[in-house]
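Notes follow the structure.
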Amino acid sequence: MALLEGGAKGLRVTALNAAAAEKGVRPGQALTDARAICPGLLTFPADPEGDRAALLGLARWCDRYSPYVAPVFSPGSGPEGNGPEGNGPAGIALDITGCAHLFGGEAGLMRDAVRRLRRIGFSAHPGLADTPGAAAAIAGWSGARDIAGRILPEGGIAAGTALLPVEALRLSPETCLLLGRLGLKRIGEVAAVPRSALARRFRSAEIAGDVQRRLDQFSGAEAEPIEPLRPQVACRAHLNFAEPLIDALAIGDVLDHLLVKVACGLEAEGKGARALTLNACRTDGTVVGLEVRLSRPSRSVSHIRRLFADRLEQIDPGYGIDALILSVDAAQELSYAAETLERSLDRQAEGVAILVDRLMNRLGPERIWRAAPVESHIPERAERFVPAAAAVAAEAASPRRAAPRPFRLLEEPEEITATAEVPDGPPRQFVWRRVNRRVARATGPERIAPEWWRLGEAAIERDYYAVEDTEGRRYWLFRAGHYRADGKAMPRWFMHGLFA
Amino acid sequence: MTLAASTVSQLRKAIEAVERRSPPRAAPDVGEPEWFLGARALDGALPEGGLSRRALHDVSVASPGDGAAATGFLLALLARFPRDGDVLWCQSAMNRREYGGLYGPGLEGFGFPAERLVQVSVRSGKELAWAMEEGVRSASLAAVVGEGLALDFTATRRLSLASTETAVPCLILAPPGPMAASAAMTRWRVSTVPQFPTTPTPAPPHKGEGKAADIPLPLVGRGRGGGSVSKGGGGDMTQSYATGFERTAFHLELLRCRGGRPGSWRMAWDHETHSFHPLSPAGDREFPSQPALSRRKAG
């Protein structure tokens, strides 16, 4: 079986399975050549986007082993080589510093990962070394069958990798070819060449620098940080299960356990959580996440627990969940003193904040708000919506409005047909929503000039009237523009708000 | 057959006791201020001499066009509410598109500061019931209002029980349409009343008459010496700002009230004093007692 990709020179093989490789099919071959070697070749179109997404998903799944996980892409022809522009997924890098003992040592962790991955249909080639470069080289090029052979002891990079081909250095194919022509076929040989001598052998300083950099990264002389998939978290707790969980009740119990751990961690740091994520790793290698946001920092287990509880049913266990990870994505200072003081000072405000959190997490943050006054004469701009959690300061000096304002404002002014007695007077009658209404009384006009600095020439000033119809219903409507003497441009009337 | 007065009063007491006992009521906090509406006619019809804070109150409209009046009445109730704190106002998105959203500058005129309002947009009756119940149960709000969607009986019952426990009153602004069964303690129906202009300050008595003739005036203004209620300027369409619009007249019907007396009133809400005043049946805005007295003397 092989995967194909269309290119400038026709269809080419991009990936193949072990059986095809045995017959002599090689990546990069044209389809016709491959077919000649192996007539029974099954071919499918390659799906680089899908591969990338799958790798990302798998990387998230690896979150169970370490918080520092990054997907790695194979070197492309670009100078950086391992950016997302590269040829495709190459692997996943994990920084397991301080994590291995949780899984029975380094070998135990690797064995566990390989076993779990095999169960969900991936064959994994692990490698462990002091530097990401060396680990990747082992993973990709070491022929060792057993796990122990794939772990380089501390400080054993030079000895362990000397025999690996130069391709393991993550250089571009052209550079590898060049090194091969120079007679440097193994990493040990390249590393043995003095730096100044190496630089002289290459035509451009760029290639020499590249080789040098890779070598340094390989040996650890140059740091190569793993850029973790998720931003560094303030606090984190996880639990792996021997048997997969399949019901939401059990998830809730585990969540309680994780929350207590996280809350302790937060308290030790003097922080409160603003955002948390609960990731559930399913047995089939997929991950479902549940995010919760808080309007003010908190480490109250009961509060956060209730925010999650409302939505736990959204987690679909699938074939079972074998790990739960709770991480704090954003945290803010919350000292113990502030916590108690705050509680005694405004219990009511805190109660409202807790309520707002619950509504927000269930309904969505855009569906709960407060209105804050804005200094603008344009009615629809006199208010702006702010998140409900932020307390709105009472207007210090509320401008005493001379003219009445409606307490209901339509989202958009609705055009009405109105007849006025005199050109500049209030309407005598008007039709709004297909009902004819006769005006019994009116006050106005209140002229509101447009904010010319915002709208430019297009702005039209409005004359607002508060009118009452014969049934006693009150409306707020305006005339945009004026009646003109020549009778050409007729002003338009709009309904904008309702009173009582 | 006649009953002795004592028997009647005994029966009354028994009935009262039954009616008061029927909702399982937690003991009210000591010093919990009462929710008076400020008009004797209204408060007298309610069982505790005011609205109960531990209950669900339902406000509906007589016709779809009365939505604004019902909102006004509800805002007036909130303005009379004696406790500070935030009010959770849940409105369906559909309702908001149709009748508009609450507008802060206008709310201030009704005596309700907009910064106390937390607004929620809901999509279904289920969400509305959930959000309202959360609000009532959190016990840190002054009141909870739900608008625009019909709630089923179970939901209203739950809200009413929650309100009894936490003393956070719950108000429902029912959508226009047939009234659904509800566990509300009081049910109101609000409609708009044609409102006639008045002068902001009453003219001194015995000033003479005639000015009042330019608008259809109720009886009070016509009698001898009744000119004390002068209605000058009423016919002028374009008055100075804020004349007449500082009051709102309602026709209020108390359709149901456990332990109270249903009734129907015409009331005006004064935007300045934040109080209700009765309107005379003919639609006058003044207190009926004073001019009626003077007319009797004059006659």
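In the text below, chain A, chain B and the rest are named by the order of the sequence lines, each starting its count at 1.
- Using a 4.5 Å cut-off between heavy atoms, A:Leu363 contacts chain B through its side chain alone, with no backbone atom that close.
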Original post:
For A:Glu471 and B:Val193, what are the C-alpha separation, side-chain angles and deciding distance, and is it a side chain to side chain contact (heavy atoms under 4.5 Å, CB included)?
Top reply: CA-CA 6 Å; A:Glu471 288 174 70; B:Val193 174; over 6 Å; no
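- Residue contact with chain A, scored on non-hydrogen atoms closer than 4.5 Å, is absent for B:Arg137.
- For B:Leu117, the part lying under 4.5 angstrom from a heavy atom of chain A is the backbone only.
- When A:Trp476, A:Phe499, A:Trp369 are compared by the number of non-hydrogen pairs under 4.5 Å with chain B, A:Trp369 comes out ahead.
- To the nearest 0.5 Å, the span separating CZ on A:Arg474 from OG1 on B:Thr192 amounts to 10.0 Å.
- When all heavy atoms are compared, the tightest approach of B:Ser140 to A:Val352 is OG-N, 3.3 Å.
- Contacts with chain A were tallied for B:Arg123, B:Glu127, B:His271, B:Arg116; B:Arg123 has the most, counting heavy-atom pairs under 4.5 Å.
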Original post:
Is there a salt bridge (Lys or Arg N to Asp or Glu O under 4.0 Å) between B:Arg247 and A:Glu468 once you walk through the steps?
Top reply: CA-CA 12 Å; B:Arg247 280 189 181 190; A:Glu468 187 179 310; over 6 Å; no
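- Contacts between B:Gln119 and chain A at a heavy-atom distance below 4.5 Å involve backbone atoms as well as side-chain atoms.
- In this structure the side chain of A:Arg405 reaches within 4.5 angstrom of the side chain of B:Tyr103, judged on heavy atoms.
- Note that the CD1 atom of A:Ile368 and the CG atom of B:Leu88 stand 6.0 Å from one another [nearest 0.5 Å].
- Counting heavy-atom neighbours within 6.0 Å of A:Arg311 CZ, excluding the residue itself, gives a total above 12.
- Electrostatic pairing of B:Arg96 and A:Glu412 does not count as a salt bridge here, judged by no charged N lying under 4.0 Å from a carboxylate O.
- In this structure, B:Leu107 and A:Phe407 approach most closely via the heavy-atom pair CD2-CB, 3.7 Å.
- Between chain B and the options A:Glu366, A:Glu383, A:Glu414, A:His496, the largest number of non-hydrogen pairs under 4.5 Å is found for A:Glu383.
- For A:His377, the NE2 atom sits in a loose shell: 12 or fewer heavy atoms of surrounding residues, nucleotides or ligands are nearer than 6.0 Å.
- For the atom pair CG of A:Asp357 and OG of B:Ser138, the computed distance is 11.5 Å after rounding to the nearest 0.5 Å.
- Using modelled atom types, one side-chain atom of A:Arg408 and one backbone atom of B:Gly100 make a donor-acceptor pair closer than 3.5 Å.
- Contacts between B:Trp130 and chain A at a heavy-atom distance below 4.5 Å involve the side chain alone, from C-beta outward.
- Put simply, the side chain of A:Arg367 gets close to the backbone of B:Ser121: a donor and an acceptor are under 3.5 Å apart.
- Applying the ring-ring contact (aromatic ring centres under 6.0 Å, His included) test to residues at least two apart or on different chains, the pairs with a partner in residues 415-451 of chain A are A:Phe430-A:Tyr475, A:Trp432-A:Tyr475.
- For B:Pro169, the side chain to side chain contact (heavy atoms under 4.5 Å, CB included) test picks out B:Trp35, B:Phe81, B:Ala143, with sequence neighbours left out.
- Crowding of B:Arg158 atom CZ: a count of heavy atoms from other residues, nucleotides or ligands under 6.0 Å not exceeding 12.
- For the pair A:Arg473/B:Asp66, a side-chain contact is recorded, criterion being any heavy-atom separation below 4.5 Å from C-beta on.
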**OP:** Report the C-alpha separation of B:Glu134 and A:Arg306 in whole Å, then their side-chain angles, then the decisive distance to 0.1 Å, and conclude whether the salt bridge (Lys or Arg N to Asp or Glu O under 4.0 Å) test is met.
**Re:** CA-CA 12 Å; B:Glu134 284 298 320; A:Arg306 285 185 68 188; 3.8 Å; yes
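- Classification of B:Arg97 and A:Glu411 as a salt-bridged pair fails, no side-chain N sitting under 4.0 Å from a carboxylate O.
- Using a 4.5 Å cut-off between heavy atoms, A:Val467 contacts chain B through its backbone alone, with no side-chain atom that close.
- Residues B:Ala68 and A:Ala500 share a closest heavy-atom pair of O-CB, 3.4 Å.
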